[in-house]
Number of protein chains: 2
Amino acid sequence: MLNTTLKKIILIFGALTLCVLILFRLSSYIVVSESVAVEWIIAGFAILFFVIGIFLNKRSLQKKQLATPTEIDRKMIETLGISKREYEILVKISEGCSNKEIGEALFVSESTVKSHISNLFSKLDVKRRTQALQRAKELKIIG
Amino acid sequence: MLNTTLKKIILIFGALTLCVLILFRLSSYIVVSESVAVEWIIAGFAILFFVIGIFLNKRSLQKKQLATPTEIDRKMIETLGISKREYEILVKISEGCSNKEIGEALFVSESTVKSHISNLFSKLDVKRRTQALQRAKELKIIG
DNA sequence: GTCATTTTCGTACTTTAGTATGAGTGTCCA
DNA sequence: TGGACACTCATACTAAAGTACGAAAATGAC
């Protein structure tokens with residue numbers, strides 16, 4: 001990540017420096033020829049850099065959006081003291097499974113599932129599984 | 001929506017026109033005084049508009065992201081034959097509400113809520129509310 | 001007005017969810 | 001070795017959730 005970011009920064013600054021140098025050469029020639037008003041040159045470059053700014057910014061923001069669709073906050077899971085088993089069951093709940101189905105999927109009894117769910121609910125501070133889903137999403141601990 | 005967009009466009013173009021006018025005045029004075037090189041004036045305005053471009057673009061993209069985190073497929077809702085009331089209840093389910101709470105929120109009895117939910121479930125082809133949520137999300141009919 | 005659909009509500013019932021309590025097992029660490 | 005913790009399971013209970021009828025009023029289109 002850091003290498004990629006550094007490379008980008010170097011590339012962008014390099015490109016900008018190049019642009020400024022080209023700009024200097026061009027403006028000298030144009031000013032010397034005296035055929036065009038200075039205001040139009042300035043306006044042209046202003047618009048050019050305005051567009052460049054928009055373009056670069058749009059690309060960087062788009063990549064950011066694609067890179068992180070929904071990042072899971074594993075630190076939050078630890079903070080809440082949610083164990084592996086409890087989290088597995090939370091995922092199963094988000095898949096729409098009943099307690100019985102969860103038990104069959106994880107090879108434990110329905111009683112066990114209920115125990116885990118009760119503990120999970122108190123850790124999430126909720127009363128129902130639908131509430132648990134909503135809370136888990138806002139805490140970004142499920143996708 | 002259209003009014004807001006139009007207003008924004010008018011405002012932005014107005015601001016840009018104003019900037020260009022100010023730019024003309026300033027450049028005239030500076031060029032006349034001959035105390036600064038023309039290149040530096042151009043470079044200054046280029047950087048200025050570069051920054052303005054980034055700023056405007058960032059703001060517009062941020063608003064877009066907040067406004068539509070996940071686009072809702074309203075055509076799918078029609079296709080499935082889900083009525084307004086049923087959809088309202090689906091949203092309430094996604095907020096973690098119990099049938100009782102939904103009834104209180106929509107000013108109807110719990111029986112009515114149950115009726116709607118039964119119809120909704122058959123339209124979504126599910127058996128439980130957690131399944132309904134999962135299905136509604138993969139069909140992109142809730143956020 | 002008539003017809004289809006939506007919305008509303010009820011009762012009776014079955015199933016699932018969730019709580020409370022207790023207890024056995026295994027693991028890891030001090 | 002003793003304690004903290006996670007995982008397991010059971011029983012008994014209460015509370016929601018969901019189904020299956022039936023039925024009345026409101027809405028909107030034809």
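The chains referred to below are lettered A, B, ... by the order of the sequence lines, with proteins before strands, and numbering in each begins at 1. As the structure is a prediction and not an experimental result, all values here were calculated from the model.
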Query raised in the report: Could you go step by step and tell me if B/Glu88 and B/Arg85 meet the salt bridge (charged side-chain N to carboxylate O under 4.0 Å, His left out) rule?
Result: CA-CA 5 Å; B/Glu88 282 182 307; B/Arg85 212 55 166 164; 2.8 Å; yes
Query raised in the report: Where do B/Lys114 and B/Glu110 land on the side-chain contact (heavy atoms from CB on, under 4.5 Å) test, with the steps shown first?
Result: CA-CA 6 Å; B/Lys114 285 185 178 184; B/Glu110 200 184 329; 3.8 Å; yes
Report summary line: For residues 132-143 of chain A, the salt bridge (charged side-chain N to carboxylate O under 4.0 Å, His left out) pairs (sequence neighbours left out) are A/Arg135-A/Glu138
Query raised in the report: Taking only residues at least two apart or on different chains, which pairs with a member in residues 96-105 of chain B satisfy salt bridge (charged side-chain N to carboxylate O under 4.0 Å, His left out)?
Result: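 Qualifying pairs: A/Arg128-B/Glu101.
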Query raised in the report: Of B/Asp73, B/Ile72, B/Leu133, which is the lone residue that meets side chain to side chain contact (heavy atoms under 4.5 Å, CB included) with B/Ile142?
Result: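 It is B/Leu133, the one option of B/Asp73, B/Ile72, B/Leu133 that forms the side chain to side chain contact (heavy atoms under 4.5 Å, CB included) with B/Ile142.
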Requested in this report: Provide the start and end nucleotides, 5' to 3', of the part of DNA chain C that has atoms under 4.0 Å from heavy atoms of chain B.
Outcome: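 The footprint of chain B covers C/dT7 to C/dA17.
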**Report entry** Test side-chain hydrogen bond (donor to acceptor under 3.5 Å, both in side chains) applied to B/Ser109 - qualifying residues, sequence neighbours left out
**Finding:**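 Partners of B/Ser109 under the side-chain hydrogen bond (donor to acceptor under 3.5 Å, both in side chains) test: B/Thr112.
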Query raised in the report: Which residues pass the side-chain hydrogen bond (donor to acceptor under 3.5 Å, both in side chains) test with A/Glu86, sequence neighbours left out?
Result: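 Partners of A/Glu86 under the side-chain hydrogen bond (donor to acceptor under 3.5 Å, both in side chains) test: A/Ser83, A/Lys123.
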Query raised in the report: Going 5' to 3' along nucleotides 5-21 of chain D, which nucleotides have protein heavy atoms under 4.0 Å from the base (write B), which only from the sugar-phosphate (write S), and which from neither (write -)?
Result: --SBBBB-----BBB--
